[in-house]
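In what follows, every chain begins at residue 1, and chains take the letters A, B, ... in the order their sequences are listed.
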There are 2 protein chains.
Amino acid sequence: METSGAPRRLRGTASWLLGQATTHAARLVSEALGAMGSRRYHYSLLAALDEFGPASQAELGRRGGLDRSDVVATVNELEQKGFVERRPDPGDRRRNIVTVTPSGVAHLRRLDRVLGQAQESLLAPLSPAEREELVRMLNAVLEHHG
Amino acid sequence: METSGAPRRLRGTASWLLGQATTHAARLVSEALGAMGSRRYHYSLLAALDEFGPASQAELGRRGGLDRSDVVATVNELEQKGFVERRPDPGDRRRNIVTVTPSGVAHLRRLDRVLGQAQESLLAPLSPAEREELVRMLNAVLEHHG
DNA sequence: ACCCACTCGTTGGCCAAGCCAACGATCGCC
DNA sequence: GGCGATCGTTGGCTTGGCCAACGAGTGGGT
């Protein structure tokens with residue numbers, strides 16, 4: 001009965017495909033960042049700081065979808081490497097203000113490069129037009145899901 | 001200098017987009033399966049068994065990209081729930097042959113339903129044609145990456 | 001017939017990600 | 001002044017993906 005008409009369940013559903021594709025993507029990204037001594041959270045924070053400027057840790061968490069507790073740990077590591085500075089907010093003593101250092105920006109540029117390469121190798125089988133379309137659709141999904 | 005021309009790094013790279021999109025997808029899938037008392041691995045194994053028939057644990061791992069050790073744990077759980085049977089292979093005493101039970105197939109059908117709903121809600125903003133295109137491109141990426 | 005390389009199931013462990021609860025300190029508002 | 005909310009921080013939990021090692025077993029070569 002199911003000898004010939006078996007549904008291609010494993011590869012047929014989009015959510016499953018997305019899962020598989022992102023397993024690959026995550027592995028590629030992880031390897032790329034890991035080779036630079038960083039992890040996803042590091043990139044997330046550095047990019048958010050570079051793009052939107054200094055912010056409190058809670059604000060950083062909101063920007064990048066990180067939990068406050070994870071922001072603490074990540075800022076600790078980035079600070080230790082000299083990529084960010086953490087100083088108390090004079091206007092609100094609950095807050096720390098986090099700032100990127102020039103060395104942090106330089107590191108971010110390096111991460112950008114290796115991430116670009118990872119992306120290139122991931123999307124190798126797609127034409128430029130297809131990549132654009134893919135990005136457009138993913139953005140639509142993300143926007144819709146707010 | 002970066003006041004206006006800041007690259008939309010966070011959202012501009014496809015690998016990052018894929019990561020974000022799959023965070024959503026993974027959450028949806030996880031919640032859907034979790035509501036049925038299962039996890040991704042359970043679905044992976046049940047679907048592989050349903051699609052390709054009985055197999056050894058190592059073979060199951062290869063089919064679904066699971067590590068052998070994870071197959072062990074998952075088969076344990078599925079066996080305890082009566083969804084699969086594990087019996088020694090008479091032809092090769094190193095192997096166990098894993099088989100889906102009718103109850104396991106029924107459970108898989110239920111998982112299929114909730115996964116379909118999760119996928120539906122995930123891809124809500126995309127037209128049918130777009131979904132097809134998305135699936136096609138993801139398949140291309142997966143095939144290319146072996 | 002023996003060895004050797006390999007496979008298989010299993011145990012145990014590691015790290016990254018994502019999340020949640022609780023705490024003391026601080027702030028804003030009524 | 002008191003009260004609810006916010007912030008940084010600590011600690012913990014779960015899932016997912018992976019790797020190393022082990023004993024049992026297999027198959028090929030010689």
>> Strictly distance-based, threshold 3.5 Å: is any side-chain N or O of B:R131 a donor or acceptor partner for the main-chain N or O of B:L126?
In response: yes
> Between B:L28 and B:S121, which heavy-atom pair has the shortest distance, and what is it?
Replying inline: CD1-OG, 3.7 Å
>> Which residues in residues 73-91 of chain B have a heavy atom closer than 4.0 Å to any atom of DNA chain C?
In response: B:R86
> Salt bridge check: are B:E59 and B:R95 linked by an N-O gap of less than 4.0 Å?
Replying inline: no
>> Counting only heavy atoms not in B:E31 (residues, nucleotides, ligands), do more than 12 fall under 6.0 Å from its CD?
In response: yes
Please list each protein N or O that sits under 3.5 Å from an N or O in nucleotides 11-14 of chain D, with the distance.
from	atom 1	to	atom 2	distance (Å)
D:dG11	O6	A:S69	OG	3.4

> Should A:R87 and A:E79 count as an ion pair when the cut-off is N to O under 4.0 Å?
Replying inline: no
> So which one's nearest nucleotide on DNA chain D is more toward 5', B:R93 or A:N96?
Replying inline: A:N96
> Roughly how many Å is it from CG in A:L60 to P in D:dT6, rounded to a whole number?
Replying inline: 18 Å
>> Heavy atoms from C-beta onward define the side chain here; which of C:dG18, C:dT10, C:dC27 lies closest to that of B:T23?
In response: C:dG18
>> What contact category does A:R95 fall into here, base, sugar-phosphate, or nothing, at under 4.0 angstrom with non-hydrogen atoms?
In response: sugar-phosphate
> Side chain of A:R68: nearest nucleotide among C:dG9, D:dG16, D:dT9?
Replying inline: D:dT9
> To the nearest angstrom, how far is B:I97 atom CD1 from D:dG25 atom P?
Replying inline: 16 Å
>> Taking the basic N atoms (NZ, or NE/NH1/NH2) and the acidic carboxylate oxygens, is any pair closer than 4.0 Å for B:D50 and B:R109?
In response: yes
> Choosing from C:dA25, D:dG8, C:dA17, which nucleotide comes nearest the side chain of A:R94?
Replying inline: C:dA25
> Taking atom P of C:dA16 as reference, at what distance in whole Å does atom CG of A:L66 sit?
Replying inline: 14 Å
> Tell me, which of residues 30-37 of chain B have any heavy atom that sits under 4.0 Å from an atom in DNA chain C?
Replying inline: none
>> In this structure, how many angstroms lie between the P atom of D:dA24 and the CD atom of B:Q57, rounded?
In response: 18 Å
> Rounded to the Å, how far apart are B:D92 CG and D:dG28 P?
Replying inline: 12 Å
>> Any salt bridge linking B:R63 with B:E51? Criterion: basic side-chain nitrogen under 4.0 Å from a carboxylate oxygen.
In response: no
> Is any side-chain N of the basic residue among B:E130 and A:R136 closer than 4.0 Å to the acidic one's carboxylate O?
Replying inline: yes
